[in-house]
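A note on names: the letters A, B, ... follow the listed sequences, proteins ahead of strands, and every chain is numbered from 1.
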Amino acid sequence: MNWAKLSNVSTAIKSTVNHKLSFKSNPTITLSILESGLLRCRTPKQFNQILSQMILTGYLKDAYAASRLLKFSIESSFVPVDYSLQIFTRLENSNGFTWNTMMRALVQRKNSPQDAILLYKSMLNENVGPDNYTYPILIQAAALLVAHFEGKQVHGHALKLGFDLHVYVGNTLINMYSVCGNMRDARRVFDGSPELDRVSWNSILAGYVQIGDVEEAKRVFDRMPQRNTIASNSMIVLFGKTGRVGDAFDLFNELDEKDMVSWSAIISCYEQNRMYEDALGMFKRMCAGGIELDEVVLVSILSACAHMCAGEIRKSVHGLAIKMGIESYLNLLNALIHMYSKCEEVSEAQKLFDVGHHNLDLISWNSMISGYIRSGLLERAEALFYSMPEKDLISWSAMISGYAQHDQFSKTLELFQEMQLSGIRPDETILVSVISACTHLGALDLGRWVHAYISKNGLNVNVILGTTLLDMYMKCGCVESAMDVFCKMEERGVSTWNAAILGLAMNGLTERSLDLLSEMKSSGVKPNEITFMAVLGACRHMGLVDEGRSHFDSMVREFKVEPNVKHYGCMVDLLGRAGELEEAEELIQTMPMAPDVSTWGALLGACKKHGDVEMGERVGRKLIELQPDHDGFHVLLSNMYASRGNWDDVIEIRGMMTENGVVKTPGCSMIEANGIVHEFLAGDKTHPQIEEIENKLEEMGKRIKMEGYVPDTNDVFLEIDEEEKETSLFRHSEKLAVAFGLLCIAPPTPIRIMKNLRICNDCHTAFKLTSKAYDREIVARDRHRFHHFKHGRCSCSDFW
DNA sequence: TTAGGGTTAG
């Protein structure tokens, strides 16, 4: 039987009357014949025979007989709901039962609750009286629609007709309000019910479980006249979701009858609370106890395996999943793809992805994308992302944060803008990646826009988002905006305090930074190793040797934080900068771990600063030996020779660089103007406005010379004459960026630039004088810290 | 002829 051809009942009848009818010898049908006919009815054809017979004999006009036929058609798997609906609409006589049956079919079989509500309206129009079966169906329809307004209306009708006292009506009302998260009304119905049964208790409990109100749920659960497995299982789940693992475990143990769902719930509880070993342990107990497994519990276990990347178990759970049938359960396939993606076995994930290609969903695609990203295969992730049939927030989020995690910050921002054009609204997670990209690119305007977006849309500034914002402002040199974010945060984590302490230190506000450390201690937050990196860094910037020593000592003594190699490096730097070269070298020799390259590097920098060529040469040559491909050490040593005019040594070092294939990292500066980030390399002539920039540079040179500028050619790497050295100095990337800023950024907005390396001595002097000559604030961020130039001075007090 | 428990992707 081709149902598509049977577009309406009359054609169905035409086609069936031409067949020999099984009831031919029986022109009148009795109820018992109808019942026995329906009992034997297995195919659409047989059903149509019965239907046409009823039409021909006029028996369909009997409301009761029609209701039996309709009930059968709706309960049978081979009659489409729309076909039943056509029969229903052509019935001459119907009763409350047929209306109820039809409405239930629309809700439960056709999944169109809105049609059921429309049918109810015609029922009222035709003056068929609703009964106590009608309202549970309609209330269920409203619950499915999460349509509060309709729900309230239906509730009103039931009240008016007095059906609200019926226990089924009450139960569905409790359920509906619970689903809509309206626990006040759910509770009102519950408390006002003349009769409460198991369903009433379970429904009100489910409501509190859904909104996560663990206290109220527990009160209801404790008051229940008789507990049942379903209620207990819900409570285990809720305890798990609210982190009360102990309570979940106790309840699980108390259960007389643990069914598959109970085991599944306790396993998921461990899994969601990151207790993966315990989840696996429970799973083993479950298997050992011979409890039946299903796809849901396997998904939980696969998720636990994904977090642990446990090799052996992974294979055996994979085997169980295959047995279960991954082609029947997409969730199971997805959990497997996720597991292999997470454990960086992308090729294994890819195989599963390809096998199931015909019926995958968004979760499969998103897992695969994040698998590629985790393995650093950004191009493949990108290709998959752009070939997706449809994308959701998580797809965008995976790709945007993927770029940010792999330092592709410009792409992060580009994709974010593309997402906005496509009309998708970002959430907190995406904004964290976007803000972090702004931080790295110094894109302050966009960062500020994101901040405004958060406030305007009432997004939740959680610890991570707040800390990211604070860090962004600090690293863009906007200390006050950063501290404003800090003050307004309701909850602060250690990382929040660290970002603030570090940020203040980077911006040269050492005193405030150290004050904040005291505030952190007195507010009961325990500093960690990162806090001390920030604190020692603060002392280093200002050359506070004694203060640094005392914080270094307090790490272990007061806070049980063992200093690591970076803390020692910081101390070496602090001592070295202050000219305590011997003490610094001694610290290196007595530290409990092997000094790393940057610790030696700090000492080399100190030698350069204090002109100790003897120690510098020793340290520098040792460093080149340790890391022959590092550009900075060659450059430092070479500069040290150059400043003393030892050109032979300079040439030797340059030779070594060529030999070792060392390429000097080109200096690169960035500046944001009108929402676009401009990049400059040293000697760069590619910028479209290069002529104007060069004119501006020339003017800058003249004006700062009037303020007393003398070029500092000591650090020029090349052996060239003084005039050329000066020209080369005036093509430094940071000077190009500042000149561009003078051209394009109107006062009083500060000119903010960012440099990938440390700012050079000459640029530092030049910018101090530029800030005075042009009366402009210049904020320069280099790889270590900030310099705020204003009225001829720098916030670092020339100590950096 | 009412309701209801466990799972996966950033």
*How about A/Trp396 and A/Phe416: are their ring centroids closer than 6.0 Å?*
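No: the rings miss the under 6.0 Å criterion.
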
Length of the [atom1]-[atom2] vector between [X] and [N], whole Å:
X: A/Tyr133; N: B/dT2; atom1: OH; atom2: C1'; value: 10 Å
X: A/Leu255; N: B/dG6; atom1: CG; atom2: C1'; value: 13 Å
X: A/Leu336; N: B/dA9; atom1: CG; atom2: P; value: 13 Å
X: A/Lys258; N: B/dG6; atom1: NZ; atom2: C1'; value: 16 Å
X: A/Met176; N: B/dT2; atom1: CE; atom2: P; value: 17 Å
X: A/Tyr403; N: B/dG10; atom1: OH; atom2: P; value: 18 Å
X: A/Ile139; N: B/dG4; atom1: CD1; atom2: P; value: 13 Å

*Not counting sequence neighbours, which residues clear ring-ring contact (aromatic ring centres under 6.0 Å, His included) with A/Phe252? List them please.*
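Per chain and number, A/Phe252 pairs via ring-ring contact (aromatic ring centres under 6.0 Å, His included) with A/Trp263.
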
*Go through the structure and list residues passing side chain to side chain contact (heavy atoms under 4.5 Å, CB included) with A/His157, not counting sequence neighbours.*
A/Tyr120, A/Leu124, A/Tyr135

*asked:* So, using side chain to side chain contact (heavy atoms under 4.5 Å, CB included) as the criterion, who are the partners of A/Arg380 when residues are at least two apart?
replied: A/Gln350, A/Tyr372, A/Leu377

Pairwise side chain to side chain donor-acceptor pair (under 3.5 Å) hits with a residue in [range], at least two apart:
range: residues 102-118 of chain A; answer: A/Asp82-A/Lys110, A/Gln108-A/Gln140, A/Ser112-A/Asp115
range: residues 382-391 of chain A; answer: A/Glu382-A/Tyr403, A/Glu382-A/Lys411, A/Tyr386-A/Glu418
range: residues 273-299 of chain A; answer: A/Tyr276-A/His307

What does [X] touch in the nucleic acid at a heavy-atom separation under 4.0 angstrom: a base, only the sugar-phosphate, or nothing?
X: A/Asn132; value: nothing
X: A/Thr429; value: base
X: A/Asn175; value: sugar-phosphate
X: A/Asp259; value: base
X: A/Ser433; value: nothing
X: A/Tyr135; value: nothing

Nucleic acid contacts - [range] versus DNA chain B, non-hydrogen atoms under 4.0 Å:
range: residues 316-325 of chain A; result: none
range: residues 260-279 of chain A; result: A/Met260, A/Val261, A/Ser264, A/Ser268, A/Glu271, A/Gln272
range: residues 354-367 of chain A; result: A/Ile363, A/Asn366, A/Ser367

*Any pair counted as ring-ring contact (aromatic ring centres under 6.0 Å, His included), so long as it reaches residues 188-243 of chain A, sequence neighbours left out*: A/Phe190-A/Trp201

_If the condition is salt bridge (charged side-chain N to carboxylate O under 4.0 Å, His left out), which residues does A/Glu126 pass it with, not counting sequence neighbours?_
none

*Quick one: salt bridge (charged side-chain N to carboxylate O under 4.0 Å, His left out) partners of A/Glu75, sequence neighbours excluded?*
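With neighbours one apart ignored, the set is A/Lys71.
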
*asked:* Let's see if you can work this out: which of B/dG10, B/dT2, B/dT8 has an atom nearest to the side-chain heavy atoms of A/Val299?
replied: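 Between B/dG10, B/dT2, B/dT8, the one nearest the side chain of A/Val299 would be B/dT8.
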
*Among B/dG10, B/dT7, B/dT2, find the nucleotide with the atom closest to the side chain of A/Asn171.*
B/dT2

